[in-house]
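Following: one structure in structure tokens, then a few remarks.
Computed over heavy atoms, backbone and side chain alike; hydrogens, waters and symmetry mates excluded. Here, residue 1 is the first one in the sequence, and each next residue gets the next number.
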Amino acid sequence: MNTAFLLLAQFGARAVVPLEEVRREYFPHLEPDNLTRKLTSGEITLPVVRADRSKKTARGVHIQDLAEYIDAQRAAVLKERNQLCGVS
């Protein structure tokens with residue numbers, strides 16, 4: 001199944017999803033400031049895009065970047081599970 005297509009269905013066929021919507025759906029345990037800090041520090045490796053260089057412009061996440069992030073998280077968990085269970 002293609003994660004990007006599922007995200008397009010979830011977020012309504014938009015290329016860039018507002019950061020607040022991504023936070024609400026995938027990082028509800030983080031306050032907006034904490035998410036921003038983790039994104040800026042690289043603790044969460046999800047690129048954030050802006051429409052222009054203004055600090056006041058809305059920030060968002062490209063749907064493909066979000067799909068790749070989710071797929072990478074899944075791959076890491078599967079690898080860990082396989083190592084713990086002795087599956088190759």
Side-chain angles (χ1 to χ4, degrees):
M1 188 158 303
N2 190 314
T3 306
F5 287 131
L6 293 171
L7 290 172
L8 286 170
Q10 178 181 0
F11 290 112
R14 293 179 282 177
V16 177
V17 180
L19 187 58
E20 178 54 29
E21 288 184 44
V22 172
R23 186 198 68 79
R24 194 170 39 247
E25 290 295 320
Y26 292 97
F27 304 97
H29 58 287
L30 296 176
E31 295 296 321
D33 291 341
N34 287 340
L35 177 60
T36 300
R37 183 180 50 77
K38 288 180 181 240
L39 289 166
T40 303
S41 72
E43 189 174 336
I44 296 176
T45 56
L46 189 60
V48 176
V49 297
R50 294 176 186 257
D52 62 32
R53 293 182 184 254
S54 170
K55 298 240 185 219
K56 293 183 180 180
T57 192
R59 295 174 297 164
V61 176
H62 192 278
I63 208 82
Q64 187 62 43
D65 293 333
L66 182 56
E68 290 171 5
Y69 176 81
I70 291 169
D71 289 343
Q73 295 297 97
R74 179 178 182 266
V77 168
L78 288 175
K79 181 180 177 182
E80 181 180 349
R81 183 209 57 193
N82 291 343
Q83 288 173 340
L84 289 172
C85 296
V87 179
S88 51

Practice task
Each residue besides Val77 in its hydrophobic cluster should be listed here, by chain and number; the cluster joins Ile, Leu, Val, Met, Phe, Trp and Tyr at side-chain heavy-atom distances under 4.5 Å.
Solution key: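 Its cluster mates, by chain and number: none.
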
Donor-acceptor list for residues 9-19 side chains, cut-off 3.5 Å, not counting sequence neighbours:
from: Gln10; atom 1: OE1; to: Tyr26; atom 2: OH; distance (Å): 2.7
from: Gln10; atom 1: NE2; to: Glu25; atom 2: OE1; distance (Å): 3.1
from: Arg14; atom 1: NE; to: Phe11; atom 2: O; distance (Å): 2.8
from: Arg14; atom 1: NH1; to: Glu21; atom 2: OE2; distance (Å): 3.2
from: Arg14; atom 1: NH2; to: Phe11; atom 2: O; distance (Å): 3.0
from: Arg14; atom 1: NH2; to: Glu21; atom 2: OE1; distance (Å): 2.7

Practice task
Could you tell me whether the side chain of Val49 reaches within less than 4.5 Å of the side chain of Arg59, counting heavy atoms only?
Solution key: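 Not touching, per the 4.5 Å side-chain cut-off.
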
Problem - Heavy atoms from other residues, nucleotides or ligands near CZ of Arg50 exceed 12 (cutoff 6.0 Å) - result: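 Count over threshold, so yes.
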
Practice task
Scan residues 26-36 for pairs that pass salt bridge (Lys or Arg N to Asp or Glu O under 4.0 Å), counting only residues two or more places apart or in two chains.
Solution key: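 Counting only pairs at least two positions apart or across chains, no salt bridge (Lys or Arg N to Asp or Glu O under 4.0 Å) contact touches residues 26-36.
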
Handout entry: Expected output: side-chain Arg23 to main-chain Leu35 donor-acceptor under 3.5 Å
Key =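 Looks like no, no N/O pair under 3.5 Å.
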
Practice task
Say whether, by atom type as modelled, one donor and one acceptor occur between the side chain of Thr45 and the main chain of Gly42 under 3.5 angstrom.
Solution key: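 No: the side chain of Thr45 does not pair with the backbone of Gly42.
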
Exercise for the section: Could you walk me through whether Leu30 and Ile44 pass the side-chain contact (heavy atoms from CB on, under 4.5 Å) test, one step at a time? Expected result: CA-CA 12 Å; Leu30 296 176; Ile44 296 176; 3.9 Å; yes

Exercise for the section: Would you please name every residue forming a salt bridge (Lys or Arg N to Asp or Glu O under 4.0 Å) with Arg24, sequence neighbours left out? Expected result: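 With sequence neighbours excluded, Arg24 shows a salt bridge (Lys or Arg N to Asp or Glu O under 4.0 Å) to Glu20, given in chain and number order.
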
Exercise for the section: Decide whether Leu78 and Leu6 are clustered together by the hydrophobic rule: side chain heavy atoms of Ile, Leu, Val, Met, Phe, Trp, Tyr closer than 4.5 Å, transitively. Expected result: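 Different hydrophobic clusters.
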
Exercise for the section: Could I get the full list of side-chain hydrogen bond (donor to acceptor under 3.5 Å, both in side chains) partners for Gln83, not counting sequence neighbours? Expected result: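 None.
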
Side-chain donor/acceptor pairs under 3.5 Å, residues 60-71, sequence neighbours excluded:
from: His62; atom 1: ND1; to: Gln64; atom 2: N; distance (Å): 3.0
from: Gln64; atom 1: NE2; to: Glu68; atom 2: OE2; distance (Å): 3.3
from: Asp71; atom 1: OD1; to: Thr3; atom 2: OG1; distance (Å): 2.5
from: Asp71; atom 1: OD2; to: Thr3; atom 2: OG1; distance (Å): 3.4

